[in-house]
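One is the number of the first residue; the rest follow in order along the sequence. Note that the structure is predicted; figures quoted are calculated from it, not measured.
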Amino acid sequence: MIAARFVDVGLLEPALFHATYAGIAYAAEDDVPPVVMWGRARPHISLGQSQDRTVELAADIDLPVVTRPLGGGAVWVDESQYCFVLIAPLAHAPARTAEWFEWGLAPAITTYRCFGLPVERREEDLWLLGRKIAGSGAATIGRCAVLASSFLFRFP
């Protein structure tokens, strides 16, 4: 087991939230312990790194939109989600990126199960009783494997 640093960023504006984990990853040296960043973001639509706003969204949308440095599809992020971002030097991550989701989402699954919730991973998503409750995205940023997902506190 490798010790990790825990960084609670509180509630941030959307662009600052995504820039914070990217900055931590870019600044990390190869020999530092992994970081778990925890926090919330003000409401916004988050597009995956390869998505185009003009293709994904209506032209007249009146909501903040941020393209994040991680893969995955368009998602709604609001203050009811507690986001976690695992930032680990590549030496601490599985060598095959295809294994990152199993590795990075395992602590979330364990947490849910400690509360008696039979959450399971289906590809890059977390499901509970036939319903998707969380997605995730990942990318290499700097010399780090970065994976993000969230715990839904409440669904307004």
Side-chain angles (χ1 to χ4, degrees), residues 1-14 16-51 66 68-156:
M1 167 121 9
I2 298 171
R5 293 180 297 146
F6 183 79
V7 177
D8 184 343
V9 298
L11 176 62
L12 299 175
E13 293 300 321
L16 182 57
F17 179 84
H18 296 285
T20 300
Y21 64 77
I24 292 169
Y26 279 122
E29 299 291 331
D30 293 333
D31 58 349
V32 299
V35 173
V36 176
M37 187 184 106
W38 175 264
R40 297 181 302 138
R42 299 228 183 260
H44 68 285
I45 294 173
S46 177
L47 297 177
Q49 66 183 181
S50 63
Q51 292 184 298
V66 175
R68 66 183 177 275
L70 304 177
V75 295
W76 173 252
V77 180
D78 66 22
E79 297 170 15
S80 295
Q81 297 171 50
Y82 286 83
C83 300
F84 64 92
V85 184
L86 176 58
I87 306 157
L90 290 169
H92 295 298
R96 295 183 53 230
T97 56
E99 297 172 354
W100 286 7
F101 294 96
E102 179 179 353
W103 162 75
L105 294 175
I109 292 169
T110 299
T111 300
Y112 279 114
R113 290 182 180 168
C114 284
F115 287 97
L117 299 170
V119 169
E120 61 186 13
R121 183 179 64 86
R122 294 187 190 170
E123 297 178 7
E124 295 89 30
D125 302 325
L126 298 178
W127 287 69
L128 174 64
L129 304 175
R131 294 185 176 173
K132 180 179 171 179
I133 61 169
S136 62
T140 300
I141 300 178
R143 295 183 301 259
C144 290
V146 180
L147 182 136
S149 188
S150 65
F151 288 96
L152 189 60
F153 182 63
R154 69 179 185 86
F155 190 75

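- In this structure Arg96 satisfies the salt bridge (Lys or Arg N to Asp or Glu O under 4.0 Å) test together with Glu99, sequence neighbours excluded.
- When all heavy atoms of Val32 and Pro89 are compared, the pair lying nearest together is O-CG, 3.3 Å.
- The CG atom of Leu12 lies 12.0 Å from the OH atom of Tyr21; values are rounded to the nearest 0.5 Å.
- Between Pro34 and Leu86, the shortest heavy-atom contact is CB-CD1, 4.5 Å.
- Heavy-atom contacts from other residues, nucleotides or ligands closer than 6.0 Å to CZ of Arg131 number 12 or fewer.
- Side-chain contact between Ser46 and Trp76 is absent, with no heavy-atom pair separated by less than 4.5 Å.
- Salt-bridge formation is not detected for the pair Arg121/Glu123: no Lys NZ or Arg NE/NH1/NH2 atom is positioned less than 4.0 Å from an Asp or Glu carboxylate oxygen.
- When atom types are taken as modelled, the side chain of Arg68 and the backbone of His18 share no donor-acceptor pair closer than 3.5 angstrom.
- Minimum heavy-atom separation, Arg40 to Phe17: O-CD1, 3.9 Å.
- With sequence neighbours left out, His92 forms a side-chain hydrogen bond (donor to acceptor under 3.5 Å, both in side chains) with no residue at all.
- Between the OG1 atom of Thr110 and the CG atom of Leu105 there is a distance of 10.5 Å, given to the nearest 0.5 Å.
- The local environment of CZ in Phe6 is crowded, with over 12 non-hydrogen atoms from other residues, nucleotides or ligands closer than 6.0 Å.
- You'll find the side chain of Leu70 stays beyond 4.5 Å of the side chain of Gln49, heavy atoms only.
- Nearest heavy-atom pair, Pro43 versus Glu79, reported as atom, atom and distance to 0.1 Å: CD-OE2, 3.7 Å.
- Between the Arg42 side chain and the Leu11 main chain, no donor and acceptor come within less than 3.5 Å of each other.
- With rounding to the nearest 0.5 Å, the separation of CD in Glu120 from CG in Leu126 is 9.5 Å.
- Residues Pro118 and Leu128 form a side-chain contact, since some pair of their non-hydrogen atoms from C-beta on lies under 4.5 Å apart.
- Annotation: the span from Glu13 atom CD to Thr20 atom OG1 amounts to 11.5 Å, rounded to 0.5 Å.
- Atom CH2 of Trp100 sits about 5.5 Å away from atom CG of Leu90, to the nearest 0.5 Å.
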Under 3.5 Å, side-chain donor or acceptor atoms of residues 133-152 against the rest of the protein: list the pairs with distances, not counting sequence neighbours.
{"unit_1": "Ser136", "atom_1": "OG", "unit_2": "Glu124", "atom_2": "O", "d": "2.5"}
{"unit_1": "Arg143", "atom_1": "NE", "unit_2": "Asp30", "atom_2": "OD1", "d": "2.9"}
{"unit_1": "Arg143", "atom_1": "NH2", "unit_2": "Ala28", "atom_2": "O", "d": "3.1"}
{"unit_1": "Arg143", "atom_1": "NH2", "unit_2": "Glu29", "atom_2": "OE1", "d": "3.3"}
{"unit_1": "Ser149", "atom_1": "OG", "unit_2": "Gly135", "atom_2": "O", "d": "2.7"}
{"unit_1": "Ser150", "atom_1": "OG", "unit_2": "Gln81", "atom_2": "OE1", "d": "3.4"}

